Colleague: 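What follows is a single structure, and I will ask about it in a moment.
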Amino acid sequence: MARKTRLGTADAPRQATPAPHWKKLRQGDRVRVLFAPGFEAGGLVDAVTADHSAVWIDFDGGRGRALLHCSDGVDIVLQEDAVTHEG
């Protein structure tokens with residue numbers, strides 16, 4: 001069912017520019033996807049757009065593949081960098 005929306009009440013658009021560390025991501029990199037505090041998943045980078053604003057992740061354990069955009073409110077960090085982003 002569609003939601004009713006009122007003009008002028010929409011949330012402000014999210015940032016559409018990737019974080020600088022997203023530009024280091026390459027196909028085949030092992031990464032951690034940080035969805036929210038306490039919620040993360042590991043996987044491999046399957047593909048990256050030319051501007052690095054969107055990344056396809058193939059999640060570990062057969063949990064599927066997802067396209068993540070820099071405005072989705074998630075963070076993608078290289079596995080070796082994941083420890084520095086925790087806490």
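Just so we're clear, the structure is a prediction, and the values are computed from it rather than from any experiment. FYI, the numbering just counts along the sequence from 1.
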Colleague: Determine whether Trp56 and Trp22 fall in the same hydrophobic cluster, where Ile, Leu, Val, Met, Phe, Trp and Tyr are linked whenever their side-chain heavy atoms lie under 4.5 Å apart.
Modeller: no

Colleague: Ignoring hydrogens and geometry, is there a side-chain-to-backbone donor-acceptor pair from Asp51 to Ser53 under 3.5 Å?
Modeller: yes

Colleague: Do the side chains of Val74 and Val55 join up, straight or via other hydrophobic residues, at under 4.5 Å, putting them in one cluster?
Modeller: yes

Colleague: Could you state the interatomic distance from CG (Leu25) to CD1 (Ile57), rounded to the nearest 0.5 Å?
Modeller: 7.0 Å

Colleague: With a cut-off of 3.5 Å and sequence neighbours excluded, list every side-chain donor-acceptor pair involving residues 58-65.
Modeller:
residue : atom : partner : partner atom : Å
Asp60   : OD1  : Arg30   : NH1          : 3.1
Asp60   : OD2  : Arg30   : NH1          : 3.0
Arg63   : NE   : Asp60   : O            : 3.0
Arg65   : NE   : Asp46   : OD2          : 2.7
Arg65   : NH2  : Asp46   : OD2          : 2.9

Colleague: Can you name the one residue among Glu40, Arg32, His21 that meets side-chain contact (heavy atoms from CB on, under 4.5 Å) with Asp75?
Modeller: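 Passing option: His21.
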
Colleague: When hydrophobic residues are tied together by side-chain contacts of less than 4.5 Å, even through go-betweens, does Val33 share a cluster with Leu78?
Modeller: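 Yes, because Val33 and Leu78 connect within a single hydrophobic cluster, where side-chain heavy atoms sit under 4.5 Å apart.
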
Colleague: Which pair of non-hydrogen atoms, one from Lys23 and one from His52, has the smallest distance, and what is that distance?
Modeller: O-NE2, 3.5 Å

Colleague: If you measure from CD1 on Ile76 to CZ on Phe35, what distance do you get to the nearest 0.5 Å?
Modeller: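 Going from the CD1 atom of Ile76 to the CZ atom of Phe35 covers 8.5 Å.
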
